[in-house]
Engineer: 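One structure is given below, represented as structure tokens, and several questions about it will come after.
Just so you know, these numbers come straight off a predicted model, no measurement behind them.
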Amino acid sequence: MKFLGVSILSGVLLAGLALPAVGAIGLGAKDGVESFDSIPGDFKTPTLSQASFIYDSKNNLIAKVYARDRTILTQDQMSPLTREAQVDIEDARFFQHGAIDPKGILRAIGKNASSDNASEGASTLTQQYVKNVFIEEAGDDQAAFKAATEKSLGRKIKELKYAIKLEEELPKQQILTNYLNITFFGHQAYGVEAASQRYFGKSNKDLSIAEAATLAGIVQNPSAYDPILHPKATQTRRDTVINKMLEAKHITPEQAKEALATPLTLNYHEPQNGCITAGNGMGFFCDYVRHEVQTDPAFGASAADRSKLWSQGGLKIYTTIDPDKQAAANKAVTTKVYVTDTVSAAMTMVKPGTGEILAMAQTRPYGLDDSKHQTVVNLNVDAAMGGGNGFQPGSTFKAIVAAAAIDSGTTLGQAYPSPSHMPYPSMSACSGTWKNTNHDTVDNDSPSEVGPFQMPEAMARSINTYFVQLEQDIGLCAVKQMANKLGIKTKASGAPLQEVPAMALGVEEMSPLDMAGVYATFASRGIHCDPVAISSVVGIDGKKLAVPQANCGPAMQQNTADSINTLLKGVTEKGGTGAALSLDDGRVIAGKTGTTDKRQAAWFDGYTPDLVGVVWLGGPQGNVKMDRNIKIGGRGFQSDDGVYGATGPGPIWQQAMSEAVKGTPQNNFTLVDLPAPPTPSPSPNASGDPNNPAPGQPTGGATNAGLLTPAAPPAPTSLPIPAPPGGVIGGQNPGPGRPSRPSQH
């Protein structure tokens, strides 16, 4: 029966060779396969999946990523030894026969019929190439892979018909080149170039006779002839190839003797795939680039199109990341905070006026090994781009409230009583009126912080009650709309922003990249740019692809931005919460500190006119209280009464930015005139609340912010604002009206 089956297949193959047209008609009717004349044009030279390469702004390689590690070579780029060795061992009569080899078939029939164990194939290199194309097209589709590799007459006939057509349309040398680029050599290496680099650490064109013979021998069975696991079997197979090369007179007897005497010598390189291989903490940025390609419509109209582009590879992706600034940021977040600490730090640097991300680093390394404190959650970005659900930005959000007020006409001289303690007042919102039905209150950080204050001092000292009163004057809708203009359209989780008075105190979770975009808008005098990580991409065909744009445009009046820069410069000067954070070269800086309720997150968002750096510090799950008992990077915080924006993230920012700006030009902000200080007046009640006379009295236990009452007639009704969902990465979820008592320095 075995002999009969092989004979029938042989007859079919020989009939197809002798009478391709007739064979095609008969077999096409019987098996439903395509005719010889309808082979797809892209089958002749299919687009093979290749490795993609991601580069930094100075063209240094960040990472090599691939579904299949392959680098396509032309015939001229391949070693002639490789080509000769493969033909000699796999299909010695390749250049003499057509799509099939009748002699090979007869030889296989004889050998297979006379043996119950041995099996010899009769496929030519062309047929093997066709099979490999079907396997390549199957990708990770298990059903398609099974169909491409099943042992059936139908598959053999289909392969033969494609092989015959290929031989009609492509020269033999091109078929051989295609075959050597597509075939699998084990250890994730596809094609001769990847295999040469994997096993010998050199380009294919530089292989010796022994090395070329080793690769040629692997192809028949990459598992059995694995040079790492089975070196003796590999060397025996290699020697067989060398003798075949001698028999074909592709090498001389002297060359064969020397090659046979050469030990199997490898320079093996483990497969290096993906963002986990990136150095200097760039794994998270690399992952951000991956998300960019897979989510941005610039890279394809549908998710399937973008996924195919990424998995097909062959891309050269040039990015905005600056290796020097990245090194500075990575060193700061990993030396100031230990990987074993209960908290972590993340830092993003952005170039104002461009949206370019110049650095993205965090304390815990990129990876999946929990024992090494690795993570693949990018704490610098929103959930949609591979991050968590963000962290409360605390008082760093006050700059957005100030920008909304100034842009609508409020002057820096605007003064408010700013008591140390007060109830949240009613406020207008986009959809109605917020009312404090739960009698929630807001405190300043210290009972001694009592107004009146104007905006410069209120910003420098981060006075909570001032910014709540300012928010009351302009309305919650104006604050939300300004946040939208500055790139914050949702929370980091993707959930909608909530219009609540505690918005001014930074209770809605953001990412460092979100806040870097905000402060970059101030630095660029009101021009907001969407963040960009990719500067250019060269596709698999060598042509440039469209990339996401920064879409830069005005988000506020220039005078508004200049006013904010003036205010935030004051934060870093004497009397401000960031006064201790000057840079090594003394250049002008501006910024804002922020510390959230229970000190579960601390921030410093600081910048020069040319570079923005935002640092977050806290528990990755948002549930670590950084009180006076905590130790971070070997440093205790007892004397500071716990972590604040100026004492925790501030020094990280100071170290990273000092290094990042070293040797760069020093520019100045365009500043506005400050108002004359107000005349102080005595206050009979420091709290400003007749129902709560004690200064700094703790707030009540209410957890709901209040009610939105629609302003439109006929009759107002009260609508509760739902609390945010709990149990998410990155932050806490207090009631939407207030963060019980935020610390703001």
Side-chain angles (χ1 to χ4, degrees), residues 347-358 393-408 410-412 455-456 458-460 462 467 470 474 478-489 504 506 510-531 550-573 576-578 581 583 587-594 603-616 645 653 657 661 666-674:
M347 183 176 193
T348 294
M349 292 183 184
V350 170
K351 184 177 180 179
T354 68
E356 294 176 359
I357 301 170
L358 302 183
S395 287
T396 63
F397 200 88
K398 287 174 181 172
I400 299 176
V401 179
I406 296 168
D407 214 47
S408 63
T410 304
T411 67
L412 300 188
M455 202 179 302
M459 184 69 80
S462 202
F467 284 94
L470 179 62
I474 62 174
V479 177
K480 180 180 178 180
Q481 289 173 347
M482 178 55 71
N484 291 166
K485 292 177 183 177
L486 294 172
I488 300 178
K489 296 178 171 59
M510 308 297 166
S511 69
L513 181 58
D514 290 332
M515 298 308 295
V518 170
Y519 281 73
T521 306
F522 302 148
S524 60
R525 304 189 71 193
I527 301 300
H528 175 74
C529 302
D530 296 333
N551 302 313
C552 298
M556 63 187 68
Q557 299 175 68
Q558 195 173 80
N559 180 71
T560 299
D562 293 343
S563 299
I564 295 295
N565 293 333
T566 303
L567 293 173
L568 297 183
K569 179 174 177 288
V571 172
T572 67
E573 296 174 334
T577 58
L581 301 177
L583 298 183
R587 72 179 63 204
V588 63
I589 62 171
K592 185 70 187 75
T593 56
W603 298 69
F604 186 68
D605 301 1
Y607 58 104
T608 71
D610 309 298
L611 182 64
V612 172
V614 168
V615 178
W616 159 87
W653 180 91
M657 289 287 286
V661 301
Q666 297 191 26
N667 294 308
N668 294 316
F669 296 111
T670 299
L671 304 176
V672 300
D673 293 333
L674 292 173

Engineer: How many angstroms lie between atom NZ of K592 and atom OG1 of T572, to the nearest 0.5 angstrom?
Structural biologist: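 K592 NZ to T572 OG1: 11.5 Å, rounded to 0.5 Å.
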
Engineer: For M510 and P393, work out which heavy atoms get closest and say how close.
Structural biologist: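 Scanning both residues completely, I find the closest heavy atoms to be CG-CG, 3.8 Å.
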
Engineer: Write down the atom of A520, the atom of V612, and the distance for their closest heavy-atom approach.
Structural biologist: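 Minimum heavy-atom contact is CA-CG2, 3.5 Å.
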
Engineer: Are the side chain of T396 and the backbone N or O of G594 linked by a donor-acceptor pair below 3.5 Å?
Structural biologist: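 Not confirmed, T396 side chain does not pair with G594 backbone.
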
Engineer: Drop me the distance from M455's CE to L470's CG, to the nearest 0.5 angstrom.
Structural biologist: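 M455 atom CE to L470 atom CG measures 5.0 Å (nearest 0.5 Å).
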
Engineer: I need the minimum non-hydrogen distance between F397 and A483, along with the two atoms involved.
Structural biologist: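 Result for this residue pair: CZ-CB, 4.3 Å.
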
Engineer: What are the two closest non-hydrogen atoms of A403 and M556, and how far apart are they?
Structural biologist: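 Looks like CB-CE, 4.1 Å.
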
Engineer: Relative to the ring of Y607, is the ring of F522 parallel (under 30°), tilted (30 to 60°) or perpendicular (over 60°)?
Structural biologist: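 Rings of F522 and Y607: tilted, as their planes differ by 30° to 60°.
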
Engineer: Starting from the C-alpha separation in whole Å, work towards a yes-or-no answer on side chain to side chain donor-acceptor pair (under 3.5 Å) for T577 and S462.
Structural biologist: CA-CA 7 Å; T577 58; S462 202; 5.8 Å; no

Engineer: Can you tell me if T593 uses its side chain to pair, donor with acceptor, with the backbone of G645 under 3.5 Å?
Structural biologist: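 Absent.
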
Engineer: Atom CD1 in I589, atom CG in L611: separation rounded to 0.5 Å?
Structural biologist: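 It comes to 12.0 Å.
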
Engineer: Do the side chains of T354 and C529 get nearer than 4.5 Å, heavy atoms only?
Structural biologist: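 Side chain of C529 against side chain of T354, heavy atoms only: no contact under 4.5 Å found.
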
Engineer: Could you pull out all residues at least two apart from N551 that satisfy side chain to side chain donor-acceptor pair (under 3.5 Å)?
Structural biologist: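 Applying side chain to side chain donor-acceptor pair (under 3.5 Å) to N551 gives D530.
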
Engineer: For the residue pair G526 and A561, what are the closest heavy atoms and their distance?
Structural biologist: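 Looking at all heavy atoms of both residues, the shortest contact is N-CB, 3.3 Å.
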
Engineer: Would you say that V614 contacts W603 through its side chain, given a criterion of any heavy-atom pair below 4.5 Å between the two side chains?
Structural biologist: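 A side-chain contact under 4.5 Å exists here.
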
Engineer: Hey, could you give me the CH2/CG distance between W653 and L581, rounded to the nearest 0.5 Å?
Structural biologist: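 Separation between the atoms: 7.0 Å.
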
Engineer: Are M459 and L568 close enough, and set up right, to give a side chain to side chain contact (heavy atoms under 4.5 Å, CB included), and what steps lead you there?
Structural biologist: CA-CA 7 Å; M459 184 69 80; L568 297 183; 3.9 Å; yes

Engineer: Quick check for you: to the nearest 0.5 Å, what is the distance between L486 atom CG and D514 atom CG?
Structural biologist: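 The CG atom of L486 sits 11.0 Å away from the CG atom of D514.
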
Engineer: Starting from the C-alpha separation in whole Å, work towards a yes-or-no answer on side chain to side chain contact (heavy atoms under 4.5 Å, CB included) for T670 and N565.
Structural biologist: CA-CA 8 Å; T670 299; N565 293 333; over 6 Å; no

Engineer: On a heavy-atom basis, which atom in I474 and which in V401 lie closest, and how many Å separate them?
Structural biologist: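 Nearest heavy atoms, I474 then V401: CD1-O, 3.8 Å.
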
Engineer: Enumerate the residue pairs fulfilling salt bridge (charged side-chain N to carboxylate O under 4.0 Å, His left out) with a member in residues 553-569, sequence neighbours excluded, ordered by first and then second residue.
Structural biologist: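 Qualifying pairs, neighbours excluded: R525-D562, K569-E573.
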
Engineer: Determine, step by step, whether I406 and L412 satisfy the side chain to side chain contact (heavy atoms under 4.5 Å, CB included) criterion, reporting the C-alpha distance in whole Å, the side-chain angles of both residues, the deciding distance to 0.1 Å, and the verdict.
Structural biologist: CA-CA 8 Å; I406 296 168; L412 300 188; 3.6 Å; yes

Engineer: Once rounded to the nearest 0.5 Å, what's the spacing between atom CE of M482 and atom OG1 of T560?
Structural biologist: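 Here the interatomic distance stands at 6.5 Å.
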
Engineer: Is it true that, when you exclude D673 itself, more than 12 heavy atoms of the residues, nucleotides or ligands shown sit nearer than 6.0 Å to its CG?
Structural biologist: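 No, not enclosed.
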
Engineer: Test side chain to side chain contact (heavy atoms under 4.5 Å, CB included) on W616 and M515; report intermediate values, then the result.
Structural biologist: CA-CA 10 Å; W616 159 87; M515 298 308 295; over 6 Å; no

